[in-house]
Amino acid sequence: MTDAFHIDVPHTQGTVAVIALSGEFDIATAPAVRARALDLIANGHPDLVADLAGVTFCDSSGLGALIGIWRCAKDANGSLTLAAIPERLDRLLSVTGMDTYLPAYPSTRTALLARQDNRFTA
């Protein structure tokens, strides 16, 4: 039995939006995540923070969706930051080398604070 999957957007401010995922991030759910993220980018929020604290499983389709979202955010002069990455997904990002492109923080709060600090020091 699979975990119910949810996509929430608990925060939008300026160019930043938080997209919080929970459940299994896989071939069945990745298209919905990508579509929601691209909608946020198109609506003026190209700087995304993906809160992954509730993700119970992520396969290559989920990873592919994150890479696609990252590319679309970059094309819109934005970014993708990850927060609260489950250990297994963290290993997958490391093995594929994507951890060098996708900054990660232990929580959404720290990711948002880091974004704010970078904005003032850039």
Side-chain angles (χ1 to χ4, degrees):
M1 180 172 192
T2 62
D3 294 335
F5 190 78
H6 298 280
I7 304 169
D8 295 309
V9 180
H11 174 87
T12 57
Q13 183 176 6
T15 64
V16 179
V18 174
I19 185 168
L21 310 178
S22 61
E24 294 186 1
F25 189 16
D26 57 18
I27 193 165
T29 59
V33 174
R34 183 177 165 88
R36 184 65 178 116
L38 296 185
D39 183 55
L40 288 165
I41 292 168
N43 284 298
H45 306 292
D47 296 306
L48 299 176
V49 175
D51 180 345
L52 304 172
V55 172
T56 57
F57 173 79
C58 181
D59 67 6
S60 61
S61 298
L63 177 62
L66 290 175
I67 293 168
I69 293 164
W70 168 68
R71 287 181 177 152
C72 290
K74 278 183 44 176
D75 289 346
N77 295 314
S79 61
L80 175 61
T81 302
L82 306 180
I85 304 171
E87 184 179 335
R88 187 168 182 203
L89 179 54
D90 188 42
R91 284 194 312 265
L92 184 60
L93 290 165
S94 178
V95 166
T96 60
M98 285 307 299
D99 60 339
T100 61
Y101 300 101
L102 297 171
Y105 295 88
S107 70
T108 298
R109 183 176 184 278
T110 56
L112 290 171
L113 289 172
R115 290 200 45 73
Q116 187 175 34
D117 288 347
N118 288 340
R119 186 180 76 220
F120 291 124
T121 59

Q.
Let's go through D51 and I19 carefully: what are the C-alpha distance in whole Å and the side-chain angles of both, what is the deciding distance for side-chain contact (heavy atoms from CB on, under 4.5 Å) to 0.1 Å, and is it a yes or a no?
A. CA-CA 6 Å; D51 180 345; I19 185 168; over 6 Å; no

Under the 3.5 angstrom rule, does the side chain of [X] hit a backbone N or O of [Y] as a donor-acceptor pair?
X    : Y   : answer
S107 : A84 : no
T96  : L92 : yes
D39  : A42 : no
D8   : P10 : no
H45  : G14 : yes

Rounded to the nearest 0.5 Å, what separates atom [atom1] in [X] from atom [atom2] in [Y]?
X    : Y    : atom1 : atom2 : answer
D75  : I41  : CG    : CD1   : 9.0 Å
L102 : L93  : CG    : CG    : 6.5 Å
E24  : D59  : CD    : CG    : 9.0 Å
L113 : R115 : CG    : CZ    : 11.5 Å
I69  : R36  : CD1   : CZ    : 11.5 Å
L48  : C72  : CG    : SG    : 10.0 Å

Q. What class does the angle between the rings of Y101 and W70 fall in, given that below 30° is parallel, 30 to 60° is tilted and above 60° is perpendicular?
A.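 Rings of Y101 and W70: tilted, 30 to 60°.
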
**Q.** S61 side chain near D26 side chain, heavy-atom distance below 4.5 Å
**A.**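 Answer no - side chains too far apart.
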
Q) So L21 and T29, side-chain contact (heavy atoms from CB on, under 4.5 Å) or not? Walk me through it. A) CA-CA 10 Å; L21 310 178; T29 59; over 6 Å; no

Show the nearest heavy-atom pair for residues [X] and [Y], with the distance to one decimal.
X   : Y    : value
A30 : F25  : CA-CE1, 3.7 Å
F5  : G23  : CD1-C, 3.8 Å
A83 : A111 : CB-CB, 4.3 Å
L52 : L82  : CD1-CD2, 4.2 Å

Q | Steps toward side-chain contact (heavy atoms from CB on, under 4.5 Å) verdict (V18, L112) | A | CA-CA 9 Å; V18 174; L112 290 171; 4.1 Å; yes

Q | Derivation of the side-chain contact (heavy atoms from CB on, under 4.5 Å) call for V9 and L40 | A | CA-CA 9 Å; V9 180; L40 288 165; 4.0 Å; yes

Q) Do S79 and D47 have side-chain atoms, one donor and one acceptor, less than 3.5 Å apart? A)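 On atom types as modelled, these side chains qualify, holding a pair under 3.5 Å.
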
